[in-house]
Amino acid sequence: MTEAWQFSSPGNLNRQLERIEPSAVEPAIAAATAAWRGWAKLGLTERIDRLKAVEAGLREISEQLAMGIALETGKPLTESRGELGAVLAKFALTFEDAERYLSREAALGGPFPAEVRHLSRGPAVVIGPFNFPLHLANGAILPHLVAGNTVIFKPSPIGAIVAKHYAEVFEQHLPAGVFQVVQGGADEGMSLCTDDRVRAICFTGSVGVGRAIAIAVAGDFSKNLALEMGGKNALVLLADGDLRAAAKAAALGICATAGQRCNSTSRAIIHASQFDRFCEALKEELGAYQPGDPCLETTTLGTLVSEAAHQRYATALQSGGNWLVEGAAMPEWNGLPGYYVKPAARVWKSFRAGMQCPHLANEIFAPLIDVFLAENDDEIIALHNATPFGLTASIFTSSRARFEEIGSELRVGNLYANLATTFSPSTLPFGGLGLSGNGKPTSRGFIRFTSDEQAVQFGNDCT
Ligand code: NAD
């Protein structure tokens with residue numbers, strides 16, 4: 001989706017950024033392979049101690065990293081700080097998960113004493129997207145390291161500078177080769193994925209790239225592949241739901257990170273009895289998100305990430321439709337040249353029109369929300385499931401029974417009641433159905449996908 005290197009800040013194109021060069025792949029894989037056994041043999045406690053030193057080092061530079069994310073990706077500073085908070089919180093959560101999932105389990109009931117062990121695999125490759133350039137990769141890097149694997153992190157070319165500073169802290173505290181960053185794009189990413197010595201891949205990004213990786217490594221069936229991809233997430237408002245709260249959540253869900261989140265609320269499905277009033281409320285709530293310099297604390301709507309993304313949004317705004325809020329892609333804001341935007345909302349006033357919406361299978365990845373009218377439960381469910389994605393959904397209702405009734409029909413990996421679709425805390429697993437993932441949820445509990453199980457039994461005379 002986003003591939004080109006860019007060397008100026010999306011919030012101020014006059015501001016030049018450090019140039020990062022692509023790295024050599026082969027030496028990184030060789031070093032990760034050589035370092036693996038030593039790291040695995042250190043034992044869990046020692047590995048966790050080393051990672052606690054990394055956590056302290058990252059904490060010291062967290063403000064610098066947050067500003068780096070704002071500068072490089074156009075994500076507002078307050079959101080970027082939130083991302084760093086999630087990066088740091090992930091250390092303790094991963095250590096807890098290790099206790100739960102990596103302990104040896106006594107296997108009872110067999111003819112001999114037995115247990116199930118968890119074996120580290122070797123080098124793992126973590127490929128990250130631009131929109132959470134540290135948090136999402138970090139969520140796969142830590143479990144792999146704790147489980148005794150070595151890690152090569154291939155960040156997005158947009159996010160490469162902040163990834164470099166993040167990686168320096170790991171390199172300072174871990175033995176050589178245990179954690180490395182390989183800078184680059186598609187070529188470096190694919191070379192890493194297809195190397196036989198790499199035993200696991202965790203990819204977060206677009207469906208097209210995820211599919212290309214899956215096809216390329218399909219023959220190596222023992223290579224563990226975890227894919228986290230896109231979404232076309234819907235907020236559903238039932239007849240008994242709080243429409244004001246729903247409109248607020250929808251506006252937040254499409255304006256956070258300027259609509260560039262996998263869990264962005266790119267769709268709202270509204271019961272007919274609430275439709276007109278919801279639309280009015282949504283218009284008002286979207287008005288609260290005004291563009292601004294991503295590096296300022298007061299900014300609530302950052303920029304799009306790149307010229308290509310900005311152009312894609314401009315094209316979408318010109319593509320016709322019934323606009324509730326027209327939106328804009330602007331070349332500057334307050335004298336700063338950049339990829340500035342205003343949010344947009346488009347309405348589909350009948351079930352038939354909604355089902356024919358040509359945008360159900362594509363992420364626009366910009367602050368554009370499509371609002372659909374539904375007359376009854378069947379229409380709500382059909383509209384919801386009319387996309388091939390299945391990442392997050394939220395149902396606004398005051399009735400738990402209605403939540404269960406509708407929720408059980410929605411094809412989605414993360415289901416919320418009366419919350420924004422973007423409210424996905426690190427304390428829970430996070431993974432998508434359909435085109436959104438391949439059944440290995442990241443975030444909480446991801447550590448269970450970072451090792452191989454081995455069944456061991458002790459026959460007579462082994463004491
Ligand atoms: P992208 O697919 O363009 O790039 C993701 C990463 O893949 C980058 O590091 C890129 O350099 C690398 N890459 C590109 N081509 C490759 C190839 N042929 N082989 C190996 N690696 C390759 O995605 P993006 O634009 O950076 O991020 C946006 C996408 O990520 C959206 O689709 C979004 O929904 C998705 N996303 C998903 C989640 C989730 O958890 N489900 C989270 C965030 C973003």
Side-chain angles (χ1 to χ4, degrees), residues 1-6 10 20 22-23 25 72-75 83 86 125-140 152-160 162-163 181-195 198 201-217 225-233 256-266 304-306 308-309 312 361-366 387-392 412-414 421-422 424 426 428-444 446:
M1 195 178 243
T2 309
E3 200 35 42
W5 296 85
Q6 65 186 20
I20 300 284
S23 318
V25 169
E72 218 174 336
T73 70
K75 183 187 283 195
E83 176 165 354
V125 164
V126 175
I127 299 185
F130 77 81
N131 61 341
F132 280 89
L134 298 185
H135 167 50
L136 295 171
N138 184 65
I152 300 172
F153 170 29
K154 211 290 297 159
S156 165
I158 304 174
V162 78
V181 68
V182 163
Q183 301 282 6
D187 291 348
E188 289 75 13
M190 196 49 99
S191 302
L192 287 167
C193 290
T194 50
D195 192 287
V198 166
I201 300 164
C202 182
F203 167 81
T204 308
S206 58
V207 170
V209 174
R211 185 181 279 127
I213 293 172
I215 289 169
V217 305
L225 176 64
L227 300 172
E228 287 300 340
M229 298 172 289
K232 201 75 192 173
N233 316 289
T257 322
Q260 300 166 112
R261 291 192 185 189
C262 56
N263 56 7
S264 289
T265 314
S266 48
L304 291 180
V305 71
S306 65
R312 195 166 56 238
N362 304 317
E363 290 182 287
I364 296 174
F365 234 51
T387 162
F389 295 103
L391 196 55
T392 68
V412 74
N414 308 276
T421 65
T422 44
S424 306
S426 302
L428 289 178
F430 185 72
L433 309 185
L435 288 188
S436 296
N438 72 336
K440 292 181 181 151
T442 51
S443 200
R444 201 69 201 266
F446 180 67

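Order of appearance sets the numbers: ligands from 1, and atoms from 1 within every ligand.
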Numbered in order shown, the ligand 1 atoms found under 4.0 Å of a heavy atom of N131 are 43 (C), 44 (C)

CG of N438 to CE of M229, rounded to nearest 0.5 Å, is 6.5 Å

Q | Contact with ligand 1 for G185, non-hydrogen, under 4.0 angstrom | A | yes

- Decide side-chain contact (heavy atoms from CB on, under 4.5 Å) for V182 and S191; before the verdict, give the C-alpha distance in whole Å, the side-chain angles of both, and the deciding distance to 0.1 Å. CA-CA 11 Å; V182 163; S191 302; over 6 Å; no

Honestly, for A212 the part within reach of ligand 1 (heavy atoms, under 4.0 Å) is neither

Correct closest heavy-atom pair for A163 and L134 would be CA-CD2, 4.0 Å

Atom 13 (N) of ligand 1: of N362, I201, V209, the nearest heavy atom sits on V209

Query raised in the report: Run the side-chain contact (heavy atoms from CB on, under 4.5 Å) check on T265 and N233 step by step: do they pass?
Result: CA-CA 5 Å; T265 314; N233 316 289; 5.8 Å; no

Distance col, row R312:CZ vs I364:CD1, nearest 0.5 angstrom, shows 9.0 Å

Of S156, P129, P157, the one whose closest heavy atom lies nearest atom 27 (O) of ligand 1 is P129

Per side chain to side chain contact (heavy atoms under 4.5 Å, CB included), T392 is matched among S424, C262, S264 by S424

*Would you sort out whether E228 and L136 count as a side-chain contact (heavy atoms from CB on, under 4.5 Å), showing the intermediate values?*
CA-CA 10 Å; E228 287 300 340; L136 295 171; over 6 Å; no

Near G128 (heavy-atom distance under 4.0 Å), the atoms of ligand 1 are 5 (C), 6 (C), 8 (C), 9 (O)

Atoms of ligand 1 under 4.0 Å from any heavy atom of T204, numbered from 1 in the order shown, are 5 (C), 37 (C), 38 (C), 39 (C), 40 (O), 42 (C), 43 (C)

Between N414 and L428, is the side-chain contact (heavy atoms from CB on, under 4.5 Å) condition met? List the steps.
CA-CA 9 Å; N414 308 276; L428 289 178; over 6 Å; no

Judged by heavy atoms only, the candidate from F365, F130, F430 nearest atom 33 (C) of ligand 1 is F365

The atoms of ligand 1 lying under 4.0 Å from a heavy atom of P155, numbered in the order shown, are 9 (O)

Heavy-atom proximity to atom 32 (O) of ligand 1, picking from E188, E363, M190, points to E363

The side chain to side chain contact (heavy atoms under 4.5 Å, CB included) partners of S443 (sequence neighbours excluded) come to K90, S426, F430

message = Is it the case that ligand 1 has an N or O less than 3.5 angstrom from some N or O of L136?
response = no

**Q.** Salt-bridge contact K154-E188 (side-chain N to carboxylate O under 4.0 Å)
**A.** no

Checking heavy-atom distances from atom 18 (N) of ligand 1 to each of S424, A309, A186, A308, the winner is A186

Exercise for the section: Decide whether an N or O pair under 3.5 Å exists between L391 and ligand 1. Expected result: no

One finds that the ligand 1 atoms under 4.0 Å from a non-hydrogen atom of C262 are 34 (O), 36 (N), 37 (C), 38 (C), 39 (C), 40 (O), 41 (N), 42 (C), 43 (C), 44 (C)

A student checking ligand 1 against F203 at a 4.0 Å heavy-atom cut-off should list atoms 2 (O), 5 (C), 6 (C), 7 (O)

ask   = Is there at least one pair of N or O atoms, one from M229 and one from ligand 1, spaced under 3.5 Å apart?
value = yes

Heteroatom distance test (K154, ligand 1): nitrogen or oxygen, under 3.5 angstrom | yes

Value for CD1 (I201) from CZ (F203), rounded to nearest 0.5 Å, stands at 10.5 Å

